[in-house]
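In what follows, a structure is listed as structure tokens, so that the remarks can point back to it.
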Amino acid sequence: MNEKERLLKVLRNEEVDRPPVICPGGMMNAAVTDILLNIDKNHNCDCDSMVKAAKLVNEEIGFENYGVPFCMTVEAEPLGIELSFGDKTVEPRVTKYNENELEEIIKSYNIKPLMDKRMPVVIEAIKKLKNDNVPVIGNITGPISTATSIVDPLKLIKMFRREPELAYKFIEYVNEYSIDYAKEMIKAGADVIAISDPTATGEILGKKNFEKFAYPMYRKFLDEMHKVNTPVIIHICGDSKNIIESLDDLNIDAVSFDSRVNMRDARLKIKNNLMGNVSTQLLHQGDKERIIRVTENCIASGVNIVSPACGLSMATPKENLKIMTSYVKGRSN
């Protein structure tokens, strides 16, 4: 079976010859500096460079997908913030938040994914990447993380206690236009949607706030994606043990965990497909034998899809990543 068939079969809970090995993009970006050396324009902004980088991640590293974009700032960009667009060594980042009140932001911006900032660039890249053999993953930044990229995170998190109704309304507003953006990705040819929401970790929100502010957003997002028959991967950072039961209650096609989560324990607690969770620090600086051992342990722990545990350092050598992908692929021989 080809790479697309394998990943989609896993996400449909069908039998495969071995786990897929992927790196979706977005927060989990494998367009490391080694990959970008021969790309002239900024792969975060220029469509053809974005397409080329996505293909090189597949061809030179061996990850079994194409995935765009390569950052977590696209959804927040149209909302009156300032950005640095990154380069071959640094990922894009917010340099100035929108300082207006939440209600004013909601009233001021009517996001149109086919028109606003880099969203159309990503959608066009997906159209160019669409194919029959390699799955195309459209990356969405989760609603909590996008909301805390638009306004100061401390301001929003304080509002969870002081003004919970307004905070909820703002996150819901973000979630709604993110759903519209994801639907345009699917129309363009995305086979899978991957959500990364690092701010939604149980370490930051706690179980109560996760269930109040993140859970209903994910449920709505998942319902809308499943209406158009598109599987969804959700990645949560950090130690997620206090929200695993909540995640298990959602109809997620695969849950991706950071390396701080013991996958054997997670396998006992969650019925959904598991993705992960080879340490990114190990992939950055580890030796071949240890990378193979940890990858092997992930598979033995019940992981259905092998991937890096979280966001990779841009300085990660592509040869280290190839050790992981080659080992997984060798299991089908």
Does the side chain of [Y] come within less than 4.5 Å of [X]'s, by heavy atoms?
X	Y	answer
Val57	Leu321	no
Ile140	Met185	yes
Glu224	Val228	no
Thr141	Val74	no
Arg118	Cys71	yes
Met50	Phe70	yes
Glu172	Met217	yes
Leu102	Tyr173	no

Roughly how far apart are [X] [atom1] and [Y] [atom2], rounded to 0.5 Å?
X	Y	atom1	atom2	value
Glu176	Ile111	CD	CD1	13.0 Å
Ser256	Leu247	OG	CG	11.0 Å
Met1	Glu14	CE	CD	9.0 Å
Asp152	Ser149	CG	OG	11.0 Å
Ile270	Ser246	CD1	OG	10.0 Å
Leu274	Asn272	CG	CG	8.0 Å

Is a donor on one side and an acceptor on the other found under 3.5 Å between the side chain of [X] and the backbone of [Y]?
X	Y	answer
Glu104	Glu101	no
Ser313	Ala315	yes
Thr146	Ala76	no
Glu203	Asp239	yes
Asn98	Leu79	yes
Lys130	Ala188	no
Lys329	Gly62	yes
Arg6	Val16	no
Lys269	Lys241	no
Ser145	Thr199	yes

Measure across [X] and [Y] and return the closest heavy-atom pair with its distance rounded to 0.1 Å.
X	Y	result
Tyr218	Asp197	OH-OD2, 2.6 Å
Ile22	Glu64	CG2-O, 4.0 Å
Lys88	Leu36	NZ-O, 3.0 Å
Glu75	Tyr177	O-OH, 3.0 Å
Ile299	Val328	CD1-CG2, 4.3 Å
Asn42	Phe85	ND2-O, 3.3 Å

Kindly assign one of parallel, tilted or perpendicular to the pair Phe213 and Phe160, based on the angle between their ring planes and the thresholds 30° and 60°.
-> parallel

Answer yes if [X] and [Y] sit in the same cluster of Ile, Leu, Val, Met, Phe, Trp and Tyr residues linked by side chain heavy atoms under 4.5 Å apart, and no otherwise.
X	Y	value
Leu8	Ile252	no
Tyr181	Met225	yes
Met275	Val21	no
Ile234	Val136	yes
Leu129	Met119	yes

Any Lys/Arg nitrogen of Glu211 or Lys207 sitting under 4.0 Å from an Asp/Glu carboxylate oxygen of the other?
-> yes

After noting the C-alpha distance and the side-chain angles of Glu184 and Leu114, does the key distance pass the side-chain contact (heavy atoms from CB on, under 4.5 Å) rule?
-> CA-CA 8 Å; Glu184 294 298 339; Leu114 294 177; 3.6 Å; yes

side-chain contact (heavy atoms from CB on, under 4.5 Å) against Cys23, all qualifying residues, sequence neighbours excluded | Met28, Ala30, Phe63, Pro308, Leu312

Which residues share a side-chain contact (heavy atoms from CB on, under 4.5 Å) with Gln281, sequence neighbours left out | Ser279, Gln285

When you check the side-chain N and O atoms of [X] and [Y], is any donor under 3.5 Å from an acceptor?
X	Y	result
Tyr109	Asp116	no
Asn273	Asp253	no
Ser196	His235	no
Tyr66	Asn131	no
Glu77	Thr73	no

Got a sec: does the [atom1] of [X] have more than 12 other heavy atoms crowding it under 6.0 Å?
X	atom1	value
Asn133	CG	yes
Arg290	CZ	no
Lys271	NZ	yes

Begin with the C-alpha distance, continue with both residues' side-chain angles, and end with the deciding distance and a verdict on side-chain contact (heavy atoms from CB on, under 4.5 Å) for Asp46 and Asp40.
-> CA-CA 10 Å; Asp46 177 72; Asp40 295 330; over 6 Å; no

List the steps, then state whether side-chain hydrogen bond (donor to acceptor under 3.5 Å, both in side chains) holds for Arg260 with Asn277.
-> CA-CA 9 Å; Arg260 292 185 63 184; Asn277 69 344; over 6 Å; no

Show the numbers, then the answer: is there a side-chain contact (heavy atoms from CB on, under 4.5 Å) between Asp223 and Phe221?
-> CA-CA 6 Å; Asp223 287 346; Phe221 194 102; over 6 Å; no

Would Asn320 and Met324 satisfy side-chain contact (heavy atoms from CB on, under 4.5 Å), going step by step from the backbone distance to the final call?
-> CA-CA 7 Å; Asn320 281 8; Met324 177 177 70; over 6 Å; no

